[in-house]
2 protein chains.
Amino acid sequence: MKIGELAQIAKCTVETVRYYEKVGLLPAPARTAANFRHYGPDHIERLRFIRNCRALDMSQEEIRSLLELVDRPAEKCGSINAVFDKHITHVEERMRELLNLKQQMTALRERCQAEQTIGDCGILQGLAAMENEPPHERHTHLG
Amino acid sequence: MKIGELAQIAKCTVETVRYYEKVGLLPAPARTAANFRHYGPDHIERLRFIRNCRALDMSQEEIRSLLELVDRPAEKCGSINAVFDKHITHVEERMRELLNLKQQMTALRERCQAEQTIGDCGILQGLAAMENEPPHERHTHLG
DNA sequence: AAAAACCCTGAAGTTACTCTAGGGTCAACA
DNA sequence: TGTTGACCCTAGAGTAACTTCAGGGTTTTT
């Protein structure tokens, strides 16, 4: 099959498929005489796997680790669990961060109920009064 | 004061300060004879405001909107509330997404309790079996 | 006077793609 | 047989919000 069909099956764009090839997540396929990429069932499986990992917000790094392991099916799967568990804690951490932000913002929001002038707006005053904090260094790739 | 001192007060790096100047969030300050940036109290206030907004994960776009409003203090503050409320919904949306991911991953995780071989790992089988979904188009800038 | 600590610019690197420009190929229809 | 439209190709630039680097000047400390 050609790249357009593959992309349709994996529900992504052809640009994304070519991108995965460029960064080495998807092996380069054979080419037709006209230099068109020609894919088989293995490519479908691999691309679907990648897209599913991305749907879970895994990073390229994480996916690369998993793919390396997929290619060695005889070994013990503890390392798979490790990658997976780490990613789950990434997600949990980010959820905690966002909850914290939401609480701060809700508190700020309560400082401006009435229609005041911008100079008197409780939100802006609150934003100006907050203590600066050093940027929270992220150990997760989740934004 | 020079850029290093300003950065220290706002708890960010000098590179970040220069970056904000380049993208127009922070006005360009006067220069000394030796071409060093020279900042006053207004710059401190503005930079602290920007960093506080960033600490709440606001985008440059959002901050730019707020700063424009700050510069017109006589107007009504409804537009401030609008920017703020929209950002709160961004955060709430992203929290819902992450909760959804976490549930999917927890379900997958339960499929591999024992130490099996990679070929038999329930997580990998689950990842391969998931249906591909079109990329979730994001209306939030939160990763 | 020399070394350490600070400042400057401009450009490239980061993630995971997306988009553009400027072409080549192929199937169908007139 | 010609041409239209849908598909394919590469290389390179653009996105957000910075960070890092190369290569150089200034100020402060020893």
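Worth knowing before you read on, the calculation uses all heavy atoms, side chains too, and leaves out hydrogens, waters and symmetry mates. Keep in mind the model is a prediction, meaning the values are calculated, not measured. Each chain gets a letter, A, B and so on, in the order its sequence line appears, and its residues count up from 1.
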Quick one: list whatever passes side-chain contact (heavy atoms from CB on, under 4.5 Å) with [X], sequence neighbours left out.
{"X": "B:His38", "value": "B:Thr32"}
{"X": "A:Asn100", "value": "A:Gln104"}
{"X": "B:Glu93", "value": "B:Arg96, B:His139, B:Thr140"}
{"X": "A:Gln8", "value": "none"}

By salt bridge (charged side-chain N to carboxylate O under 4.0 Å, His left out), A:Asp85 pairs with (sequence neighbours left out) B:Arg109
Within this structure, what is the [atom1]-to-[atom2] distance between [X] and [N], rounded to whole angstrom?
{"X": "B:Glu62", "N": "D:dA17", "atom1": "CD", "atom2": "C1'", "value": "14 Å"}
{"X": "B:Lys2", "N": "D:dT27", "atom1": "NZ", "atom2": "P", "value": "7 Å"}
{"X": "A:Glu5", "N": "D:dC8", "atom1": "CD", "atom2": "C1'", "value": "14 Å"}

Under 4.0 angstrom, heavy atoms only, what part of the nucleic acid is A:Arg18 near: base, sugar-phosphate, or nothing?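 A:Arg18: base contact, heavy atoms under 4.0 Å.
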Name the pairs: protein N/O against N/O of nucleotides 11-16 of chain D, kept only if under 3.5 Å.
none

Would you list the atom pairs, donor with acceptor, under 3.5 Å between side chains in residues 20-27 of chain B and any protein atom, with sequence neighbours excluded?
| from | atom 1 | to | atom 2 | distance (Å) |
| --- | --- | --- | --- | --- |
| B:Tyr20 | OH | B:Arg51 | NH1 | 2.7 |
| B:Glu21 | OE1 | B:Arg37 | NE | 2.8 |

[X] (side chain) donor-acceptor with [Y] (main chain) under 3.5 angstrom:
{"X": "A:Arg64", "Y": "A:Glu68", "result": "no"}
{"X": "B:Glu75", "Y": "B:Arg72", "result": "no"}
{"X": "A:Thr16", "Y": "A:Cys12", "result": "no"}

Practice item. Scan for side chain to side chain donor-acceptor pair (under 3.5 Å) pairs involving residues 122-133 of chain A, sequence neighbours excluded, and state none if there are none. Key: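 For residues 122-133 of chain A: A:Asn132-B:Arg48, A:Asn132-B:Asn52.
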**Request:** Name the orientation class of the two ring planes belonging to B:His90 and B:His141 (parallel below 30°, tilted from 30 to 60°, perpendicular beyond 60°).
**Result:**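 Ring orientation, 0 to 90° scale: perpendicular.
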Below 3.5 Å between N/O atoms, which protein atoms pair up with nucleotides 2-4 of chain D? Just atom names and distances, please.
none

Residues of residues 82-91 of chain A with a heavy atom under 4.0 Å from any atom of DNA chain C, listed by number, are none
Within residues 31-53 of chain B, the residues having a heavy atom closer than 4.0 Å to DNA chain C are B:Arg31, B:Asn35, B:Phe36, B:Arg37
The first and last nucleotides of DNA chain C lying within contact of chain B, meaning any atom under 4.0 Å from one of its heavy atoms, run from C:dC7 to C:dT9
Within the supplied structure, the quantity of interest is the number of heavy atoms (other residues, nucleotides, ligands) at a distance under 6.0 Å from A:Gln113 CD; does it exceed 12?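 Atom CD in A:Gln113 is packed in, count exceeds 12.
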